[in-house]
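Notes follow once the structure below has been shown.
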Amino acid sequence: SLSEKLQNTFKKLKGKGKLSEKDVKEAMREVRMALLEADVNYKVVKDFVNKVKERAVGAEVLKSLTPGQQVIKIVHEELIDLMGGTNSSINIASKPPTIIMMVGLQGAGKTTTAGKLGANLKKKGRRPLLVACDVYRPAAIHQLEVVGSQIDIPVFSMGDRQNPVNIAKAAVSHAENHGNDTVILDTAGRLHINEELMDELKNIKAEVKPHEILLVVDAMTGQDAVNVAEQFNEALGIDGAVLTKLDGDTRGGAALSVKAVTGCPIKYIGVGEKLDALEDFHPDRMASRILG
Amino acid sequence: ISLNKEIDEDFYEELEEILIGADVGVNASLQIVESLRDKVKERKIKKADEVKELLKEELAKIVEGKSQGLNLNEHQPAVIMVVGVNGVGKTTTIGKLAFKFKEEGKKVLLAAGDTFRAAAIEQLEVWANRSGSGFIKHQQGSDPAAVAFDAIQAAKSRGTDVVIIDTAGRLQTKVNLMQELQKVKRVIQKEIPDAPHETLLVLDATTGQNAISQAKLFDETVNLSGIVLTKLDGTAKGGVVFGICSEMEIPVKFIGIGERIEDLREFNPENFVEALFD
Ligand SMILES: Nc1nc2c(ncn2[C@@H]2O[C@H](COP(=O)(O)OP(=O)(O)OP(=O)(O)O)[C@@H](O)[C@H]2O)c(=O)[nH]1
Ligand SMILES: Nc1nc2c(ncn2[C@@H]2O[C@H](COP(=O)(O)OP(=O)(O)OP(=O)(O)O)[C@@H](O)[C@H]2O)c(=O)[nH]1
Ligand SMILES: [Mg+2]
Ligand SMILES: [Mg+2]
């Protein structure tokens, strides 16, 4: 673990009052390795390590800590600072319905997360409507309908022959006429480099003006997380992210990459396949997980 | 990397960053560049672009599997089991494989072994129709092993050439789900002793270092014969396969390059390595 490696790095210095530049340089090598192994993007790691270095050099080693523990404390605090400290709840519209749009790469967990979010909001007393805007993937509409029936939430669909922009527009009218105060748009998975499909999302956004655009990201995503987050944010302006499949053993460095490159908070995490497996994001727990 | 570059520390660091940025992993990248440095010294290489070419050769060697294709012709029916974590592209890949075999004149049967996820059976049925394959399914929530058994019986009686068994996505750390997979395999083996003839792990090219854990645990559970690396039409490079191929010797057999039925290619080590440097 990183703490063991840092204990080794600092084994030869006992009872020093402050961390010297040489001590810190050695420690940063271990921190860099740990973050890269955790799938944090290497450019994000570079910036992060420089930030930590500034804080660590000349830092007082608390009497209760070893130099290694002092460095870990600084790294931990910097990670929490970077990933936390922002609004982590959904933007609610002043005039209903609140419109939430789920976007992201193929297979990230959008459809499942749309259901989880619906169930979560329903528990809090809201009246959500799930909307089937994926007209491409085989049985995608059926999948959302099954999800909706499992949590007793209505699903709006117009089949797979309609344009997703029209479906979204019609869904919002439907919500207004049926007292649904929240509309959750499930969109098809797509590559950030597919111009046509990214335009489709821009068109949906222009048509229904979502109050919340959530980027759904698979927690096991590697270095590419930066490209994906950057492009989706540039195209649409992301309000928040959901990191899925955190019930596995992936370190989840993508969390740091996404936050660092977009400034957008991670609002929820997916921790299972069932529709109740959605939790609030806790930056301190994520920091510990990433550091391993 | 420009052609007039000096072979200095910055140059080697740049190569390391290309590898790390491609998800090769920090330790593997350091080892690869370290061994490259030795070879450059040994062979007294002076030009930067020659070093780059040598690196490409060394990388291609790592992923050159001895058996690139699928060994299906000596068995009837040949049985392929497809496994992997959630959302990587198993069901879509099965549709693509079925289409490929159909084009080769083979009679294909698809088994809806994902009896858990919403609309998984319906999704595979669309691919069965698109690829002109037979289709075996049970009720939602039924035992996947029973579906596999049923499919093999049907294949034997229909003179099917290839049976492809879809399984539910599962994270490799879920012990009970991995045990379920072992049961499906045991049932297949009981019906045809050397089946499944291919057990393919589907890996998403956007996956980082967790792919190593996926390959390791799925291999320990059901013994993998190959990997299909999907979503290479994105910007991710799939560099995790270098670690997997060198540590576990599981060959990459196919790559997925899109969502259409024809978007499957046989794995080509040279093309794959070239793409790392794009
Ligand atoms: N273990 C686990 N599985 C998840 C989680 N979230 C989603 N999944 C699974 O991941 C797979 C993909 O989920 P989907 O909801 O279909 O993903 P999607 O983003 O809608 O996929 P596309 O529409 O094809 O882009 C399914 O097998 C889900 O059950 C999670 O938090 N944990
Ligand atoms: N761009 C791209 N998308 C792909 C590729 N292969 C699969 N997909 C997409 O990835 C998403 C998930 O594919 P599935 O076939 O449902 O994945 P799966 O592994 O069967 O998912 P689960 O059964 O839920 O675990 C779908 O939107 C597919 O269209 C590929 O090579 N390229
Ligand atoms: Mg979906
Ligand atoms: Mg599937």
Side-chain angles (χ1 to χ4, degrees), chain A residues 32-43 45-46 105-109 111-112 115 136-150 188-194 217-228 231 244-245 247-254 272-273 275, chain B residues 16-27 29-30 85-92 95 116-127 129-130 140 168-174 177 204-211 213-214 217 230-231 233-240 256 258-259:
Chain A
R32 177 177 173 266
M33 295 286 284
L35 294 177
L36 289 174
E37 284 167 354
D39 288 325
V40 181
N41 180 273
Y42 75 91
K43 294 186 192 136
V45 171
K46 221 176 217 159
L105 294 184
Q106 292 89 346
T111 304
T112 309
Y136 309 104
R137 170 174 153 153
I141 297 173
H142 189 163
Q143 182 185 5
L144 191 65
E145 286 172 339
V146 172
V147 163
S149 70
Q150 287 174 348
R190 68 204 63 214
L191 296 177
H192 47 299
I193 54 173
N194 185 321
V217 178
D218 192 324
M220 49 175 161
T221 307
Q223 299 289 305
D224 201 44
V226 147
N227 300 327
V228 177
Q231 298 289 327
T244 61
K245 308 177 202 172
D247 42 318
D249 65 350
T250 189
R251 296 266 287 275
E273 295 195 66
L275 298 173
Chain B
E16 265 172 27
E17 287 194 339
I18 289 177
L19 296 179
I20 292 172
D23 285 315
V24 174
V26 58
N27 286 317
S29 302
L30 294 179
V85 303
N86 307 70
V88 294
K90 297 177 294 300
T91 304
T92 308
F116 170 75
R117 206 208 70 212
I121 296 171
E122 289 73 9
Q123 183 187 6
L124 186 65
E125 188 153 23
V126 172
W127 287 110
N129 293 331
R130 286 181 182 178
Q140 180 80 12
R170 68 205 66 220
L171 298 183
Q172 70 279 21
T173 46
K174 309 221 161 165
L177 296 183
D204 186 328
T206 66
T207 306
Q209 298 309 300
N210 194 254
S213 159
Q214 291 174 26
L217 292 180
T230 61
K231 307 180 195 173
D233 46 317
T235 50
K237 304 291 185 181
V240 287
E259 302 188 69

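Hydrogens, waters and symmetry mates play no part in the numbers below; they use all other heavy atoms, side chains included. Chain letters run A, B, ... following the sequence lines, proteins first and then strands; every chain starts at 1.
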- A:R190: salt bridge (charged side-chain N to carboxylate O under 4.0 Å, His left out) partners, not counting sequence neighbours: A:E200
- Message: Pair B:E259, A:Q106 - check side-chain hydrogen bond (donor to acceptor under 3.5 Å, both in side chains), show working.
- Response: CA-CA 9 Å; B:E259 302 188 69; A:Q106 292 89 346; 2.7 Å; yes
- Using non-hydrogen atoms and a 4.5 Å limit, figure out which bit of B:E125 sits close to chain A: side chain, backbone, both or neither. neither
- Can you say whether B:V85 sits under 4.5 Å from chain A via the side chain, the backbone, both, or neither, judging by heavy atoms? side chain
- Engaged part of B:T207 at the chain A interface, taking heavy atoms whose separation is under 4.5 Å: both
- Can you say whether B:Q172 sits under 4.5 Å from chain A via the side chain, the backbone, both, or neither, judging by heavy atoms? side chain
- Quick one: does B:D23's side chain have a donor or acceptor within less than 3.5 Å of a partner on A:G222's backbone? no
- So do the side chains of B:E17 and A:Y42 get within less than 4.5 Å of each other, counting heavy atoms only? yes
- Whatever's closer than 4.5 Å to a heavy atom in chain A on B:L30 counts as side chain
- Item | For B:K237, side-chain hydrogen bond (donor to acceptor under 3.5 Å, both in side chains) partners two or more places apart | none
- Could you look at A:L105 and say if it's the side chain, the backbone, both or neither that has a heavy atom under 4.5 Å from chain B? side chain
- Task: Sort out for me which of A:D218, A:D247, A:L36 touches chain B most, counting heavy-atom pairs under 4.5 Å.
- Result: A:D247
- Message: Only pairs of heavy atoms separated by less than 4.5 Å count here; which of A:E145, A:K43, A:M33, A:R32 has the most with chain B?
- Response: A:M33
- Item | Top contributor to chain B interface from A:H192, A:Q150, A:R251 [non-hydrogen pairs under 4.5 Å] | A:H192
- Query: Once you round to the nearest 0.5 Å, how far does CG of B:L171 lie from CE of A:M220?
  - Reply: 6.5 Å
- Message: Would you compute the distance between atom CD of A:E273 and atom CG of B:N86 and round it to the nearest 0.5 angstrom?
- Response: 4.0 Å
- Under the side-chain contact (heavy atoms from CB on, under 4.5 Å) criterion, do A:R137 and B:Q123 qualify, and how do the steps go? CA-CA 8 Å; A:R137 170 174 153 153; B:Q123 183 187 6; 3.4 Å; yes
- Query: Between A:P138, A:G189, A:G107, A:G253, which residue shows the highest count of heavy-atom pairs closer than 4.5 Å to chain B?
  - Reply: A:P138
- For the residue pair A:G248 and B:T173, what are the closest heavy atoms and their distance? CA-OG1, 3.9 Å
- Message: Just verifying a value: how many Å separate A:D224 CG and B:T206 OG1, rounded to the nearest 0.5 Å?
- Response: 6.5 Å
- Task: Quick one: closest heavy-atom pair of B:A119 and A:A139, and the distance?
- Result: CB-O, 3.8 Å
- Which portion of B:T235 sits near chain A, non-hydrogen atoms under 4.5 angstrom: both
- Item | Contact class of A:N227 relative to chain B, heavy atoms under 4.5 angstrom | side chain
- Quick one: do B:N210 and A:D249 satisfy side-chain hydrogen bond (donor to acceptor under 3.5 Å, both in side chains)? Show the steps, please. CA-CA 8 Å; B:N210 194 254; A:D249 65 350; 2.7 Å; yes
